[in-house]
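None of the values given here were measured: they were computed from a predicted structure. The first residue of the sequence shown is numbered 1, and numbering continues consecutively from there.
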Amino acid sequence: MGTFLGIVALLITLVAFIPLLGFLNWIAIPISIIFLIICAILKSDNGKTLCIVSIVVGLLRLIIGGGIV
């Protein structure tokens with residue numbers, strides 16, 4: 001279950017990488033944080049790792065894009 005949540009978080013973040021869809025990172029990051037908390041409760045190491053990667057990639061995309069694009 002935790003790995004599935006991590007994959008979903010990564011897929012949302014990857015969709016936000018498409019040009020002109022950068023605003024989706026504002027949705028993907030909080031979802032990834034919620035999924036990270038759920039994975040921590042479930043003690044899923046793979047899920048936690050995927051969620052952390054999703055958060056970091058989303059934050060880097062926001063920094064590079066200036067927060068909007």
Side-chain angles (χ1 to χ4, degrees):
M1 175 76 174
T3 305
F4 175 73
L5 292 175
I7 291 171
V8 170
L10 267 178
L11 287 176
I12 295 169
T13 304
L14 289 178
V15 169
F17 245 85
I18 297 172
L20 301 176
L21 292 179
F23 66 91
L24 287 177
N25 281 313
W26 290 105
I27 298 168
I29 293 171
I31 289 173
S32 297
I33 292 171
I34 292 169
F35 287 173
L36 177 64
I37 293 168
I38 293 171
C39 289
I41 292 170
L42 296 175
K43 298 183 192 253
S44 171
D45 290 335
N46 292 336
K48 285 190 285 189
T49 304
L50 291 172
C51 287
I52 290 170
V53 168
S54 175
I55 293 168
V56 170
V57 168
L59 286 173
L60 287 174
R61 171 69 165 95
L62 279 176
I63 291 170
I64 291 170
I68 299 172
V69 180

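- Residue Leu14 holds its CG atom at 11.5 Å from CZ of Arg61, rounded to the nearest 0.5 Å.
- When the side chains of ILVMFWY residues are joined at heavy-atom separations under 4.5 Å, either directly or via intervening members, Met1 and Ile38 end up in a single hydrophobic cluster.
- Linking ILVMFWY residues whenever their side-chain heavy atoms come closer than 4.5 Å, directly or via other members, leaves Leu11 and Leu60 in distinct clusters.
- Between Ile12 atom CD1 and Ile31 atom CD1 the span is 4.5 Å, to the nearest 0.5 Å.
- What you find for Cys39 and Leu5 is that their closest heavy atoms are SG-CB, 4.2 Å.
- Looking at heavy atoms from C-beta onward, Leu10 lies in side-chain contact with Val53 at the 4.5 angstrom threshold.
- Atoms CZ and CG, on Phe17 and Leu24 in that order, are 12.5 Å from each other to the nearest 0.5 Å.
- Here OG of Ser44 is found 10.5 Å from CG of Leu36. Values are rounded to the nearest 0.5 Å.
- Taking CD1 from Ile27 and CG from Leu21, the interatomic distance works out to 10.5 Å, rounded to the nearest 0.5 Å.
- Looking only at side-chain heavy atoms (C-beta outward), Leu59 and Ile29 come within less than 4.5 Å of each other.
- Rounded to the nearest 0.5 Å, atoms NZ (Lys48) and CD1 (Ile41) are 11.0 Å apart.
- A distance-only check finds no donor-acceptor pair linking the side chain of Ser32 to the backbone of Ser54 [under 3.5 Å].
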Evaluate the side-chain contact (heavy atoms from CB on, under 4.5 Å) criterion for residues Phe35 and Leu50: first the C-alpha distance (whole Å), next the side-chain angles of each, then the deciding distance (0.1 Å), finally the verdict.
CA-CA 10 Å; Phe35 287 173; Leu50 291 172; over 6 Å; no
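- Linking ILVMFWY side-chain heavy atoms closer than 4.5 Å, directly or via other members, places Ile7 and Ile37 in two distinct hydrophobic clusters.
- Two different hydrophobic clusters hold Val57 and Trp26 under the rule that ILVMFWY side chains link at heavy-atom gaps under 4.5 Å.
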